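Below: one structure, written as structure tokens.
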Amino acid sequence: MGDHDAQTTGGGPDDAAGQEIEAVVTLRIRVTDWPALRAAGHRAVAGIGFEGADPERQRAGMAAEVDEGPQGALNVLLDPEQLLEGVPGVELLGGALTTAPGDSFEPDFAEVFPLDLPPDAGAGGWLLTPRTACLLHEQLSALSDAGYDDVEEYGGAPVEPGEEHEWALLGRLPRLTWRQDVPWRRSMARAFDDLAGDLADGRWPQPRCPAEEMALHLALDDAAAALEDEPDHIAELMEELPAHPYDYDWEACREAFLQDGGVLLLEDPGADGIEDPESEANRELGLGDLRAPAWFTSFEGEEPRDPDRGFRR
């Protein structure tokens, strides 16, 4: 221990002064609270000592960049000069910061879902292949975006019968959800992101609550449709991923990922109060509790999602 302490607390090499170092930092960031991030960006702008002609105009321009969105705020907060301001003994010689939307950081599905697993590693020998995972991830992400788009366009306005096809996502959900408020709708959009995150991390997208179950059903339907409707796009998307006989076996995905009875969520009996587990119609169909809060209540035996994970949009 004594030798280790002497090495880590010593003065360092005698010729360290004047040494030039290139530091490369790669960060992948999820925005969980845009108002808080924007406020932090404005505080950073207020603390910068602008020089040259018209400093206040420079400050106003940077503040406007913060207001444009999370990338603008991060461009301020992660600026090389800001990062090194509190680091003693170094001088910034140059540097640049580049940020990009998260969709430019696609997971390497060939790496997170390898095909060279032992024969018994999958479900009865079945494996979730890189191409299946990639296409399902794309559909989940697209449906999440559609949900957030609906919230931005319609807020808490109800989906009216006959107008459901005008909505990007929420009109596809059962009628018992059509009058839910904005927090519920944002949580529904996040359910798609939660499953997409499972895939990005190399986990099977097994729903943990009714909302995620619905999300997975819709994504599987859309993935199957995309194979028929967008063959050129799918071919380009899969160009770098290995092919496998199990690719795009959506029925196997349903069997592997979904709990029994989940398909009933796709049916819309339309009876008033059917979401209440005490109603006669609900008991007759065995639907269980489909009241608004229950959509995000974890199934028995499933670990709840992190309540502090925030929202992508």
Side-chain angles (χ1 to χ4, degrees), residues 30 32 133 136-159 164 167-201 203-223 250 253-271 273-277 279 282 285-313:
R30 181 190 298 273
T32 61
L136 188 53
H137 179 273
E138 181 180 74
Q139 299 306 314
L140 286 163
S141 299
L143 286 165
S144 176
D145 280 330
Y148 284 120
D149 289 345
D150 277 345
V151 172
E152 290 178 5
E153 182 169 355
Y154 298 105
V159 180
E164 59 267 29
W167 295 64
L169 169 69
L170 299 176
R172 297 175 64 183
L173 302 182
R175 291 192 181 199
L176 58 87
T177 70
W178 285 5
R179 296 183 179 275
Q180 297 303 328
D181 58 15
V182 167
W184 190 97
R185 290 172 168 181
R186 294 186 75 227
S187 295
M188 186 68 220
R190 182 173 62 181
F192 293 91
D193 272 340
D194 286 337
L195 293 170
D198 289 342
L199 285 166
D201 292 337
R203 298 189 301 272
W204 282 10
Q206 294 178 301
R208 305 187 191 186
C209 63
E212 291 184 19
E213 194 167 62
M214 172 59 77
L216 187 58
H217 274 300
L218 292 176
L220 288 168
D221 286 347
D222 285 7
W250 307 120
C253 287
R254 293 183 194 277
E255 293 179 9
F257 305 151
L258 292 165
Q259 298 191 20
D260 293 340
V263 71
L264 289 174
L265 279 175
L266 290 179
E267 301 176 1
D268 191 4
I274 197 168
E275 66 272 20
D276 189 336
S279 72
N282 185 298
L285 292 171
L287 293 177
D289 191 355
L290 294 181
R291 291 172 294 184
W295 277 63
F296 308 104
T297 299
S298 298
F299 294 130
E300 184 177 355
E302 292 288 346
E303 181 180 356
R305 301 282 183 183
D306 180 1
D308 298 322
R309 65 195 182 282
F311 296 86
R312 177 162 58 88
R313 287 170 55 184

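Predicted, not measured: the structure shown is a model, and the values here were computed from it.
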If the condition is side-chain contact (heavy atoms from CB on, under 4.5 Å), which residues does Asp201 pass it with, not counting sequence neighbours? Arg203
Student check: side-chain heavy atoms of Thr177 and Trp184 closer than 4.5 Å: yes
Would you sort out whether Phe257 and Leu216 count as a side chain to side chain contact (heavy atoms under 4.5 Å, CB included), showing the intermediate values? CA-CA 9 Å; Phe257 305 151; Leu216 187 58; 3.6 Å; yes
Validation row: Cys253, Trp204 side chains within 4.5 angstrom (heavy atoms): no
List in chain and number order the residues that pass side-chain contact (heavy atoms from CB on, under 4.5 Å) with Ala142, two or more places apart in sequence or in another chain; answer none if no residue qualifies. none
Partner set under side-chain contact (heavy atoms from CB on, under 4.5 Å) for Pro183, not counting sequence neighbours: Asp181
Can you measure from CZ (Arg208) to CG (Asp194) and round to the nearest 0.5 angstrom? 8.0 Å
Smallest separation among heavy atoms of Pro304 and Ser298, with atom names: CA-OG, 3.2 Å
Determine, step by step, whether Gln180 and Leu170 satisfy the side chain to side chain contact (heavy atoms under 4.5 Å, CB included) criterion, reporting the C-alpha distance in whole Å, the side-chain angles of both residues, the deciding distance to 0.1 Å, and the verdict. CA-CA 10 Å; Gln180 297 303 328; Leu170 299 176; over 6 Å; no
Please give me the minimum heavy-atom distance between Leu140 and Ala219, naming the atom from each residue. CD2-CB, 3.4 Å
Charged N to carboxylate O below 4.0 Å: is that the case for Arg305 and Glu212? yes
Going by the angle between their ring planes, with limits at 30° and 60°, are Trp167 and Tyr154 parallel, tilted or perpendicular? parallel
Arg172: what forms a side-chain contact (heavy atoms from CB on, under 4.5 Å) with it, not counting sequence neighbours? Leu143, Leu218, Asp222
Taking every non-hydrogen atom, the tightest pair across Gly171 and Glu164: O-CB, 3.5 Å
Only pairs at least two apart or in different chains count here, so list each salt bridge (Lys or Arg N to Asp or Glu O under 4.0 Å) that has a residue in residues 136-152. Asp145-Arg312, Asp145-Arg313, Asp149-Arg313, Glu152-Arg313
Shortest non-hydrogen pair, Ala189 vs Ser144, comes out as O-OG, 3.1 Å
Between Asp193 and Tyr148, is a side chain to side chain contact (heavy atoms under 4.5 Å, CB included) present by the stated rule, with each step listed? CA-CA 11 Å; Asp193 272 340; Tyr148 284 120; 3.8 Å; yes
Do you know which two heavy atoms are closest between Pro205 and Leu136, and how far apart they sit? CG-CD2, 4.0 Å
Whether Trp178 side chain and Leu173 backbone form a donor-acceptor pair below 3.5 Å: yes
Could you give the distance from CE (Met188) to CH2 (Trp295), rounded to the nearest 0.5 Å? 6.0 Å
Determine, stepwise, if the pair Phe299 / Glu213 fulfils side chain to side chain contact (heavy atoms under 4.5 Å, CB included). CA-CA 10 Å; Phe299 294 130; Glu213 194 167 62; 4.0 Å; yes
Sequence neighbours excluded, the answer for salt bridge (charged side-chain N to carboxylate O under 4.0 Å, His left out) partners of Arg186 is none
